[in-house]
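A, B, ... follow the sequence lines: proteins, then strands. Residue 1 opens every chain.
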Protein chains: 2
Amino acid sequence: MATTELAVTISDAEWRVMRIVWTLGQADSRTIIDLLEQQHDWKAPTIKTLIGRLVKKGALGTTKNGRQFIYTPLIKEQAAMDGALLNELDQMCAMHRGTSLVHVLEQTELSKTDVQNLIDCLTQKLPSAPTMVDCDCLPDGCEGSCDV
Amino acid sequence: MATTELAVTISDAEWRVMRIVWTLGQADSRTIIDLLEQQHDWKAPTIKTLIGRLVKKGALGTTKNGRQFIYTPLIKEQAAMDGALLNELDQMCAMHRGTSLVHVLEQTELSKTDVQNLIDCLTQKLPSAPTMVDCDCLPDGCEGSCDV
DNA sequence: CAATTAAGATTACATTTGTAAACGAAAGGG
DNA sequence: CCCTTTCGTTTACAAATGTAATCTTAATTG
């Protein structure tokens, strides 16, 4: 792996904009603004600001189309999702990640295919899974007696 | 459910402090500062600020112990973890959450017990799982042709 | 062609966050 | 009892974020 991916950070509000563009594949500002004004009570200038920031961040690319722009995603939705979740998980105690994932799965609606894929993935991990994952909250490692 | 939980928001840096207190069960500022100065190159005042903010936010409670304080977690670690992950997931396209979770599980070290719990949870969900989960990125719902 | 509209750019401003210095009071050492 | 260390509090300040008004310019319309 040579490419040092700078991993664009997308804020919550910006995420809304990206979802529109990801879903449509591409969109001009009018479309983005119309759709988002429906979903939130954001004013048009707010949405313009978000679009502008996303372009500056390199999350959206632009193609001139007459007087306006067509925006396209420069980062993949799935990659952004994976990255955001892994980032979040990474900052949490390693020992408790598993339990948290159980809770997350319990509360997330998943298709049969997803569930099956998850089971397959886990079944494959099972043999090589360690007996326990240590807490990594303290410089040395804690004694597993974390108060949860 | 009557209690309207305001769901304290913990920032990344604050999360580090909470992990120390969660792991130790309780701690005075000296302990927190010593441990965090080892893990990061934060100055003591920085850590004091974070502690102060967490107390103000209601994430840490204080008990006077002579001239200093003993800090205790007022929110549960597991609940905070679950909440943070679910929040993150919630802002993403419902249709792609499953795939993302597969990726997350693949890249997360899990104990045998965790893996087994996850499999059990999923096995239980399988029968009632819908054939597909629709995209919820557009006001109406997209046509599933999202460009991932 | 003038007036209005719409698109993108510039500016604005409060809040949160990361990061830290400075300060005031209390406690302990000598 | 004074000096120093240590706590907790106050203040500081830049960057990111949420939220939006204003401005400039080009295009549309009568």
Residue Trp42(B), side-chain heavy atoms: nucleotide from dG18(C), dT19(D), dT19(C) that is nearest:
dT19(C)

Give a yes/no on whether any side-chain N or O of Ser11(B) is located under 4.0 angstrom from OP1 or OP2 of dG18(C).
yes

Within the modelled atom types, does a donor on one side and an acceptor on the other bring the side chain of Arg53(A) and the base of dG18(D) under 3.5 Å apart?
yes

In terms of side-chain heavy atoms, does Asp34(B) have a donor or acceptor partner in Thr31(B) at a distance below 3.5 Å?
no

Rounded to whole angstrom units, what separation is found between the CG atom of Asp12(A) and the C1' atom of dT19(D)?
14 Å

Nearest-Å distance for atom pair CG/P, residues Leu50(B) and dT10(D):
17 Å

Write down the distance between CD1 (Ile51(A)) and P (dG18(D)), rounded to a whole number of angstrom.
15 Å

With a 3.5 Å cut-off and just heavy-atom distances, do the side chain of Thr49(B) and the base of dA20(C) make a donor-acceptor pair?
yes

Is it the case that Asp114(B) and Ser111(B) place a side-chain donor and acceptor less than 3.5 Å from each other?
yes

Derivation of the side-chain hydrogen bond (donor to acceptor under 3.5 Å, both in side chains) call for Gln116(A) and Asp120(A)
CA-CA 6 Å; Gln116(A) 193 55 61; Asp120(A) 292 347; 3.1 Å; yes

Heavy atoms of other groups near Glu106(B) CD, more than 12 under 6.0 Å:
yes

By nearest-nucleotide position on DNA chain C, the 5'-leaning member of Pro45(B) and Lys57(B) is Lys57(B)

With sequence neighbours excluded, residues passing side chain to side chain donor-acceptor pair (under 3.5 Å) with Asp12(A)
Gln91(B)

Whole-Å gap separating P (dT17(C)) and CD1 (Ile10(B)):
10 Å

Classify Thr46(A) by what it touches in the nucleic acid, base, sugar-phosphate, or nothing, heavy-atom distance under 4.0 Å.
base

Figure out the CG/P separation between Asn65(A) and dA27(D), and round it to whole Å.
12 Å

What class does the angle between the rings of His40(A) and Trp42(A) fall in, given that below 30° is parallel, 30 to 60° is tilted and above 60° is perpendicular?
parallel

Would Lys57(B) and Glu14(B) pass as an ion pair if we require N to O under 4.0 Å?
yes

Could I get a table of every N or O pair under 3.5 Å where one atom is in the protein and the other is in nucleotides 4-8 of chain C?
{"residue": "dA7(C)", "atom": "OP1", "partner": "Arg30(A)", "partner atom": "NE", "Å": "3.4"}
{"residue": "dA7(C)", "atom": "OP2", "partner": "Arg30(A)", "partner atom": "NE", "Å": "3.3"}
{"residue": "dA7(C)", "atom": "OP2", "partner": "Arg30(A)", "partner atom": "NH2", "Å": "3.3"}
{"residue": "dG8(C)", "atom": "OP1", "partner": "Phe69(A)", "partner atom": "N", "Å": "2.7"}
{"residue": "dG8(C)", "atom": "OP2", "partner": "Ser29(A)", "partner atom": "OG", "Å": "2.3"}
{"residue": "dG8(C)", "atom": "N7", "partner": "Lys48(A)", "partner atom": "NZ", "Å": "2.8"}

Euclidean distance, atom CD1 of residue Ile47(A) to atom C1' of dA9(C) [Å, nearest integer]:
17 Å

Between Leu36(B) (CG) and dT19(C) (C1'), how many Å, whole number?
14 Å

Give the rounded distance in Å between these two atoms: NZ of Lys43(A) and C1' of dT22(D).
16 Å

